[in-house]
Number of protein chains: 2
Amino acid sequence: VTVTRLRFQFDSLFIDHLASTDIFRQIENQLRSAICEGRLGIGERLPSTRSLAEELGVSRNTVVAAYNELTQEGFIVTTKGSGARVTNNYPRQKLSQEIPSRATENSTIELSYKTEKLLSIDLKNFLSESSPAKPFRAHAPAFKEFPDKIWSQLTARRLGQRDTFWKEVCPAQGYGPLRAVIADYLGASRGLSVDSDQIIITSGTQFSVLLIAKLLVNPGDIVCFEDPGYKPAARVFEMEGAKILDIPVDDKGLDVDQLCNRAERVKLVYVTPASHFPLGTTLPHDRREALLKWAERSGALILEDDYNGEYRYYGSPLATLYSMSKSEQVIYLGSFSKLLYPGLRLGFAVVPRKLVKPLATLRWFFDRHSPGLEQAVLADFINEGHFSRHLRRMRTLYALRQQALVEAAEDFLDGIMRVPPQEVGLHLVGWLNNGVSESDLLNAANSVGIELTPVSQFSTAALANSCVIIGYAPYTPKDIYQHIKALANAYHQRKFDPNNSVV
Amino acid sequence: VTVTRLRFQFDSLFIDHLASTDIFRQIENQLRSAICEGRLGIGERLPSTRSLAEELGVSRNTVVAAYNELTQEGFIVTTKGSGARVTNNYPRQKLSQEIPSRATENSTIELSYKTEKLLSIDLKNFLSESSPAKPFRAHAPAFKEFPDKIWSQLTARRLGQRDTFWKEVCPAQGYGPLRAVIADYLGASRGLSVDSDQIIITSGTQFSVLLIAKLLVNPGDIVCFEDPGYKPAARVFEMEGAKILDIPVDDKGLDVDQLCNRAERVKLVYVTPASHFPLGTTLPHDRREALLKWAERSGALILEDDYNGEYRYYGSPLATLYSMSKSEQVIYLGSFSKLLYPGLRLGFAVVPRKLVKPLATLRWFFDRHSPGLEQAVLADFINEGHFSRHLRRMRTLYALRQQALVEAAEDFLDGIMRVPPQEVGLHLVGWLNNGVSESDLLNAANSVGIELTPVSQFSTAALANSCVIIGYAPYTPKDIYQHIKALANAYHQRKFDPNNSVV
């Protein structure tokens, strides 16, 4: 976008008839500020004194007086015939000196404790997602493969319809037909038996977590997380006053025994059973059963983040905790950002019936509802089969890309790290060989424009083995090969370059 | 949308080779559940035993065993040649009996105190906005007048561009070019001198309030509100633990003297100076000066909700508190939902520089960012002049509609209420005559499908005079006339109908 500056609106000038300042001075001051601040541009034409006086409801003489002052100060020039305009040759320097001394930093503003606490954490890695994407950044889908044209046609169709409900206020719980097709999809593809009334549309998993934290957590309540695990969700619970209890993860996922042995009364446990975040393992059936039994016994709720559950390349899927649960102990979270494209901002939560109304009410007080147009277009996209088709296509594509990554790693990363294949997900984990330092590897990657995310940043306890997350979904096999080769070269070069011995 | 049920995905069946349950029983149980729960429909065809066995990676005999069991139980029938399908004549009643006894209400789920408190308030009126609109509902713009075609063209253009940045992760603070055009617009039309770096895009005023409450408020902090005032924002501050202090409003708006005389240390005050919510009055210049002086002295922050500030029909605008402030004591809130259409969900906050980064970080943890596509389309809409043009058109249109409402009230509502004109806004306030009961009037309105919002629901203190909010923006002068006439008739009929004497 080339920003075309909007014309200054002269009818936005403020006149206070009760103020002690003369009205001509009020006009003069505001015009001067507008010129100094660049809102009224160099060379720009001013309205005639007659028309401005009319617009502002003041006498013409008042405007004449204001223009005269500004002319004398050199801010405007008046030419016979073409009227007044902002001077062309007024010294820039002088302009900037005359900008009023407003906007001094107000050091008295104090942030809330919870915000201070959040900011005290090293956020660099959490926030890096919003910088331009680099190869091997994790958790990005192949959004270049998203069927733009179909999405565009569906959007155009909605925008062209007589029924413009999308312009109106939408229910906080979400657009009904979208909830219906999601319920249907979950039934057909993820084995969930869900009523559309139990679904609440959100702007993604992070927002679902915020809503649920607010809905359920009192200060001091204990919320359990996988360690390593999805820390950004833990931060949200913490902001609501929750005490986070980290439960270790082994090579099969959450160590449910350790959870069961805790003496504390747990309010909620956050799990990623389909594909552990960030290690990618699938929680085995027996651990799922044990987790559910424990939850029923202890009265804890389970927050099941089914993140990447759709992207299984081989092996059988396992029943979701939601489907296995006999009581309404499980809240199920899904998101379309990783399935379609990250800029979309639509996700959902499946909740026990009792929680639907409170959750929709909270949503209303937080931000009303998700945009109507996107909800309608997504409903059409799913309903007309494009969604299932896209997922099928992506599954094939991602399987090939994962294979390329595994092969490239075998060819080039020998002696640096092992990158075993995985059944599910959009990334693999690279396990560093003994003697390979994480920082050496990250520096090498960085030197060739590659982003590897260390698992350690999602871990509270020290890891027995250093490992990094390697996202492959958006990259072609050819790109994957090239980048892995470049990474290996950079690592070996730095390793044997005496100038880089200490990094 | 007619929801077409998605085909059941047979490859979503779960097989657990380690479970004690036989694999054929696992398949049988899941298919039976799918049939009972209607996910696998009456008459629907099942895959051949050979192909299902292949898909699931089990022996063909296993699938045959599962199909045999289901056939014996009468859930499926197998015909020579056309294979197995869900039976057509299985008694419906029996089906529902066989639905497993899952999904019992879990009465142990406890909501957080803050949620319980929020739900304990009578929310009916706050939430009514999400029910279908009726005439005279307040705060709705004339969204039928929104230039759909232009919006549609701009959307199609963005969707067709090679640059599909809108699919990617967007900065939490908002799309840069959108922030730039908003800064420009505020400079040209609202007299604000703002750097685009000080703007953060949100999903509307309610979400801006949530962010700011979280950013600044500690439990026990005092936040002042106009009374009557915008209670939904007060509720959000309350959820963060703020103590709400209600400051009376008189016929000129917030009684700033009463605020200045309070002994408490105030963290923040929420004001609607352009057009008081809900009374519609404009805060005079001297009160604005007094408010700013008090804020500077006391260190309090001002949250200026410039709601409806764009819709001024006569009289001069007043300088915003933001423009008048010499220190960075004012946070300015704007929203596009009331200017364009409510389903859009885009707004913004202008904040002191110091708060930008913390606020963007909070946003990232709450819900990442606003959808990229809508942000891009809105940037184009403003940048190419459509926004200013739309506002100008709406100002003329709304002025005529307001006049129609004033005239209709003079013609028909004599003896019921006075509806004086106002300089700013999308609604008028109807002041009930002495002896007219609010509930009589509301019942009369309700009986003819008209929605009047009593100001009392936004007030903590008892009001000296009963009054109601009458939104006029979305209705034509003809409709306004008819509805006001119908309201008057209904009121008089009920009034003199002995059956309605006690309502």
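These values consider heavy atoms only, across backbone and side chains, with no hydrogens, waters or symmetry-generated copies. Every chain is numbered from 1, with letters handed out A, B, ... down the list of sequences.
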Engineer: Please classify the contact between A:E240 and chain B as side chain, backbone, both or neither, with a heavy-atom cut-off of under 4.5 Å.
Structural biologist: both

Engineer: Contact part of B:S370 toward chain A, heavy-atom cut-off under 4.5 Å: side chain, backbone, both or neither?
Structural biologist: backbone

Engineer: Using non-hydrogen atoms only, which part of A:S189 is less than 4.5 Å away from chain B: side chain, backbone, both, or neither?
Structural biologist: both

Engineer: Please determine, among B:G204, B:P358, B:A156, B:G372, the option with the most heavy-atom pairs under 4.5 Å with chain A.
Structural biologist: B:P358

Engineer: Flag the pair B:F387 / B:Y185 as yes when their ring centroid distance falls below 6.0 Å, and as no otherwise.
Structural biologist: yes

Engineer: Report the residues that fulfil ring-ring contact (aromatic ring centres under 6.0 Å, His included) with A:F143, sequence neighbours left out, ordered by chain and then residue number.
Structural biologist: none

Engineer: Step by step, would you call A:W166 with B:L344 a side-chain contact (heavy atoms from CB on, under 4.5 Å)?
Structural biologist: CA-CA 8 Å; A:W166 53 270; B:L344 180 62; over 6 Å; no

Engineer: I'd like to know which of A:L159, A:N218, A:L210 tops the heavy-atom pair count under 4.5 Å against chain B.
Structural biologist: A:N218

Engineer: Checking heavy atoms, do the side chain of B:L111, its backbone, both or neither come under 4.5 Å from chain A?
Structural biologist: both

Engineer: What's the shortest heavy-atom distance between A:M239 and B:F366, and which atoms?
Structural biologist: CE-CE1, 4.2 Å

Engineer: Between B:R158 and B:Y175, which heavy-atom pair has the shortest distance, and what is it?
Structural biologist: NH2-OH, 3.4 Å

Engineer: Under a 4.5 Å heavy-atom cut-off, does chain A meet the side chain of B:L192, its backbone, both or neither?
Structural biologist: backbone

Engineer: With a 4.5 angstrom heavy-atom cut-off, is it the side chain or the backbone of B:D221 that approaches chain A, or both, or neither?
Structural biologist: neither

Engineer: Sort B:T164 into side chain, backbone, both or neither according to what part of it lies under 4.5 angstrom from a heavy atom of chain A.
Structural biologist: side chain

Engineer: If you define the side chain from C-beta out and look only at heavy atoms, does anything of B:L216 sit under 4.5 Å from A:E110?
Structural biologist: no

Engineer: Taking A:D286, A:L362, A:I15 one by one, which has the highest count of heavy-atom pairs under 4.5 Å against chain B?
Structural biologist: A:I15

Engineer: Run the salt-bridge test on B:D148 and A:K167 with the 4.0 Å N-O cut-off and return the result as yes or no.
Structural biologist: yes

Engineer: Given a strict heavy-atom distance threshold of 4.5 Å, which part of A:L355 is in contact with chain B: side chain, backbone, both, or neither?
Structural biologist: side chain

Engineer: Considering all heavy atoms of both residues, which atom of A:R39 and which atom of A:F8 are nearest to each other, and what is their separation?
Structural biologist: NH1-CE1, 3.7 Å

Engineer: Is A:S152 close to chain B through its backbone or its side chain, or both, or neither, when contacts mean heavy atoms under 4.5 Å?
Structural biologist: both

Engineer: Shorter than 4.5 Å, heavy atoms on both sides: which option in A:P371, A:A34, A:S388, A:P284 has the most such pairs with chain B?
Structural biologist: A:P371

Engineer: Among A:G160, A:G347, A:G343, which residue has the highest count of heavy-atom pairs closer than 4.5 Å to chain B?
Structural biologist: A:G343

Engineer: Let's test your reading of the structure: which of A:K267, A:R312, A:Q30 forms the most heavy-atom pairs below 4.5 Å with chain B?
Structural biologist: A:K267

Engineer: Tell me, side chain or backbone of B:S337 under 4.5 Å from chain A's heavy atoms, or both, or neither?
Structural biologist: neither

Engineer: Does one side chain, of B:S323 or B:T320, offer a donor that lies under 3.5 Å from an acceptor on the other?
Structural biologist: yes

Engineer: Does one side chain, of B:S112 or B:T115, offer a donor that lies under 3.5 Å from an acceptor on the other?
Structural biologist: yes

Engineer: Which bit of B:K149 is near chain A, if near means a heavy-atom gap under 4.5 Å: side chain, backbone, both or neither?
Structural biologist: neither

Engineer: Select one option (side chain, backbone, both, neither) describing which atoms of B:E55 are under 4.5 Å from chain A's heavy atoms.
Structural biologist: neither

Engineer: Among A:S203, A:A319, A:S12, single out the residue with the greatest number of heavy-atom pairs under 4.5 Å to chain B.
Structural biologist: A:A319

Engineer: Heavy-atom distance under 4.5 Å between the side chains of B:E328 and B:Q198, does that happen here?
Structural biologist: yes

Engineer: Among all residues two or more places apart in sequence or in another chain, which pass the side-chain hydrogen bond (donor to acceptor under 3.5 Å, both in side chains) test with A:R190?
Structural biologist: A:D306

Engineer: Less than 4.5 Å to any heavy atom of chain B: does that hold for the side chain of A:L215, its backbone, both, or neither?
Structural biologist: both

